[in-house]
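Working notes for the structure below.
This one's a predicted model, so the numbers in the text were calculated from it and none came from an experiment.
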There are 2 protein chains.
Amino acid sequence: MITEETGSGTREAAEAAVLENEEAEIASAAGKAEGGVTGAVRRKLESRRKLMAAARKLFVERGYHETRPQDISREAGVGHGTFYLHFEDKLDCFLAFTEQAAEELEVFLEAHLAGANSLEDGIREILLAIFEYSDANPGVLAATLTDVSVLSKGDTGRKMPADRWAESWIKALEHWKATGEALADLDSRLAGYLIVGAIKQGGAYGFRQKLDRDTLIDGMTRLFVRALKK
Amino acid sequence: MITEETGSGTREAAEAAVLENEEAEIASAAGKAEGGVTGAVRRKLESRRKLMAAARKLFVERGYHETRPQDISREAGVGHGTFYLHFEDKLDCFLAFTEQAAEELEVFLEAHLAGANSLEDGIREILLAIFEYSDANPGVLAATLTDVSVLSKGDTGRKMPADRWAESWIKALEHWKATGEALADLDSRLAGYLIVGAIKQGGAYGFRQKLDRDTLIDGMTRLFVRALKK
DNA sequence: GGATCAAAATGACAAAATGTCAATAAACCC
DNA sequence: GGGTTTATTGACATTTTGTCATTTTGATCC
């Protein structure tokens with residue numbers, strides 16, 4: 001009989017490691033917080049939170065392929081079976097992670113776009129914010145935007161981060177159309193997707209080549225503005 | 001003892017199915033062709049060709065995830081071990097397929113760009129050719145451009161189709177800079193990558209939405225031209 | 001033409017990765 | 001505090017991938 005790890009001694013250590021990365025959640029260890037939820041519900045929520053934190057850590061550090069569901073469970077300090085209690089399968093877990101990160105980035109970008117900016121300033125501001133987020137969360141953006149079509153049997157039936165992101169751009173483009181700064185007959189939907197694709201590929205290129213960030217932002221901004229401006 | 005399939009009866013049938021897709025290779029069944037190569041070398045080449053054809057068929061039809069190395073071997077009419085004789089692993093096989101397709105597309109595009117076109121006509125022409133290729137080879141383009149970062153332990157050390165494709169665009173952009181049609185101080189390298197990304201994402205969007213092809217090409221051409229033209 | 005050698009192919013087997021489920025523990029309720 | 005529900009657990013089963021000893025095939029030499 002070969003025991004499956006998560007030895008009790010290891011357990012708390014692993015969980016502690018995950019919790020370190022949490023901020024406002026430390027209080028929860030005492031048995032409160034989490035919106036007052038308590039008992040069984042809270043227990044389940046806590047497991048999920050730990051799994052999500054572990055998944056994020058490992059997917060970012062090692063990538064999808066090199067991360068085993070087992071690894072995530074161990075890192076989270078829960079049993080292996082618990083993983084499949086919270087996620088359909090490995091892909092489902094990965095998608096949950098990307099959706100979380102996409103949500104996070106969206107909030108971050110909204111915050112950086114509160115003021116009504118001109119088309120050029122707005123675009124530059126968004127790109128700047130993206131790089132800022134990427135610095136603060138190394139690897140997350142790349143992981144989030146990876147194409148999972150190669151992993152899924154057909155359509156995942158989910159809204160991918162890139163699509164969500166495109167929607168944000170579309171909203172912004174519509175705004176600039178309304179202010180009369182952007183082409184009046186611009187197809188905002190198509191343009192939104194083109195921009196997202198350009199940023200993905202261009203960003204990867206810039207990262208590989210270790211391009212100076214300002215150069216990259218300037219280059220992108222210039223082309224985007226030229227394409228969109230009235 | 002559970003036999004591993006590829007029963008002799010099935011064998012020829014499978015191989016025949018693959019051979020159907022071949023054109024000039026039928027003669028090779030007689031024992032000649034293939035550049036005069038014969039014997040052992042030729043035998044190996046033949047195996048690889050059959051495997052490549054089978055891999056392409058299955059990767060396109062079912063996708064990466066749903067295609068087992070076993071399936072490819074069976075479809076090719078060779079033993080399972082032969083697969084690993086020709087490819088490092090499944091990813092290696094997939095990359096070989098994408099490289100083949102990328103090569104093919106490149107040749108196709110070159111042929112469609114023989115004449116020295118103006119910037120706008122040239123861009124439109126390239127996009128048109130891409131869609132034409134995509135029609136003639138359904139699924140191949142999508143498969144080729146998929147991001148495999150999610151499958152590889154670190155860098156694959158290979159030049160991906162998207163990069164190759166970007167290089168083509170860069171060359172074209174340099175040409176238009178030389179003719180004075182494109183921005184004199186354009187960063188062709190960055191622009192090349194941005195365009196490839198835009199086409200990937202925009203193409204996927206158009207496909208999903210079943211956009212009219214001309215609408216899609218017009219929309220893309222317009223934005224690209226505006227961004228690049230002097 | 002058959003004995004010999006080298007390259008290629010084969011498929012049973014092994015390892016790795018993913019996913020399941022009966023048994024157990026924890027929380028809940030009366 | 002015991003009966004019930006819900007979450008957790010890890011040994012086990014399945015699937016997928018990869019290996020290697022053995023066999024087959026074709027070239028070479030006599």
Side-chain angles (χ1 to χ4, degrees), chain A residues 1-8 10-12 14-15 31 34 37-51 54-55 58 62-74 76-94 150-153, chain B residues 1-8 10-12 14-15 31-32 34 37-51 54-55 58-59 62-74 76-94 150-153:
Chain A
M1 185 217 281
I2 298 157
T3 322
E4 203 181 72
E5 281 285 339
T6 313
S8 40
T10 330
R11 181 83 60 91
E12 289 80 17
E15 176 176 345
E34 205 87 44
V37 187
T38 174
V41 176
R42 134 126 215 167
R43 190 160 155 242
K44 188 165 190 179
L45 250 54
E46 191 67 10
S47 283
R48 188 182 174 88
R49 192 187 53 69
K50 287 191 284 185
L51 281 166
L58 296 181
R62 308 184 191 168
Y64 182 86
H65 189 78
E66 293 296 290
T67 300
R68 251 56 72 198
Q70 300 257 16
D71 301 334
I72 296 174
S73 309
R74 200 176 311 124
V78 303
H80 170 47
T82 307
F83 178 92
Y84 289 95
L85 194 69
H86 288 272
F87 305 106
E88 184 100 5
D89 52 21
K90 188 180 165 183
L91 177 59
D92 181 45
C93 176
F94 184 72
V150 86
L151 301 173
S152 65
K153 10 200 172 260
Chain B
M1 187 218 283
I2 298 159
T3 321
E4 203 183 74
E5 282 282 342
T6 313
S8 40
T10 330
R11 181 83 60 91
E12 289 79 17
E15 176 174 346
K32 310 189 192 171
E34 202 88 45
V37 186
T38 174
V41 176
R42 134 130 214 163
R43 191 162 154 240
K44 187 165 191 181
L45 250 54
E46 192 67 11
S47 283
R48 187 183 174 87
R49 192 188 52 71
K50 287 191 282 184
L51 281 167
L58 296 182
F59 281 141
R62 308 183 190 168
Y64 182 86
H65 189 77
E66 293 297 289
T67 300
R68 251 54 73 199
Q70 299 257 16
D71 301 334
I72 295 175
S73 308
R74 199 175 314 124
V78 303
H80 169 48
T82 307
F83 179 92
Y84 289 95
L85 195 68
H86 288 272
F87 306 106
E88 184 100 5
D89 53 22
K90 186 178 166 186
L91 178 58
D92 181 45
C93 176
F94 184 73
V150 87
L151 301 174
S152 64
K153 11 202 173 258

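Here dA12(C) presents its P atom at 19 Å from CZ of Phe83(B), a figure rounded to the nearest Å. One interatomic measurement links the two molecules: CZ of Arg42(A) to P of dC28(C), which rounds to 11 Å at whole-angstrom precision. Remark: P of dA9(C) and CG of Leu51(B) are 9 Å apart, rounded to the nearest angstrom. Distance, Arg48(A) CZ to dT6(D) P: 19 Å, rounded to whole Å. Atom pair Phe87(A):CZ and dT18(C):P shows a separation of 15 Å (rounding to whole Å applied). Glu66(B) places its CD atom 13 Å from the P atom of dT15(D), with the value rounded to the nearest Å. The distance between atom CG of Leu85(A) and atom P of dA23(C), rounded to the nearest whole Å, is 18 Å. Rounded to an integer number of Å, the gap from Asp89(A) CG to dT15(D) P is 15 Å.
Residue order along DNA chain D, read from the 5' end via each residue's closest nucleotide, puts Glu88(B) first among Arg43(B) and Glu88(B).
Contact check for Cys93(A) versus Leu51(A): no side-chain heavy atoms found under the 4.5 Å cut-off. Within the 4.5 Å cutoff, the side chain of His65(B) has no heavy atoms near those of the Leu91(A) side chain. In this structure, the side chains of His86(A) and Val78(A) stay at 4.5 Å or more apart for every pair of heavy atoms.
Closest contact between the side chain of His80(B) and the listed nucleotides dA8(C), dG11(C), dT18(C) involves dG11(C). The side chain of Tyr84(B) has dT17(D) as its nearest neighbour among dG19(C), dT10(C), dT17(D). For Lys90(B), whose side chain is taken as the heavy atoms from C-beta onward, the closest listed nucleotide among dA9(C), dG18(D), dA7(D) is dG18(D). Distances were taken from every side-chain heavy atom of Lys44(B) (C-beta onward) to each of dA17(C), dT9(D), dA9(C); the shortest belongs to dA9(C).
Electrostatic pairing of Glu46(B) and Lys50(B) does not count as a salt bridge here, judged by no charged N lying under 4.0 Å from a carboxylate O.
Classification of the Phe83(B)-Phe87(B) ring pair by plane angle, with boundaries at 30° and 60°, yields tilted. Relative orientation of the Tyr64(B) and Phe59(B) rings is parallel, given thresholds of 30° and 60° on the angle between their planes.
At the heavy-atom level, His86(B) lies under 4.0 Å from the strands shown only through sugar-phosphate atoms.
Atom NZ of residue Lys90(B) and atom CG of residue Leu151(B) lie 8.0 Å apart, to the nearest 0.5 angstrom.
For DNA chain D, each stem of at least three Watson-Crick or G-U pairs (distances under 3.5 Å) is given as range with range: C:1-30 with D:1-30.
Distances shown here put every side-chain N or O of Thr82(A) at or beyond 4.0 Å from the OP1 or OP2 atom of dA7(D).
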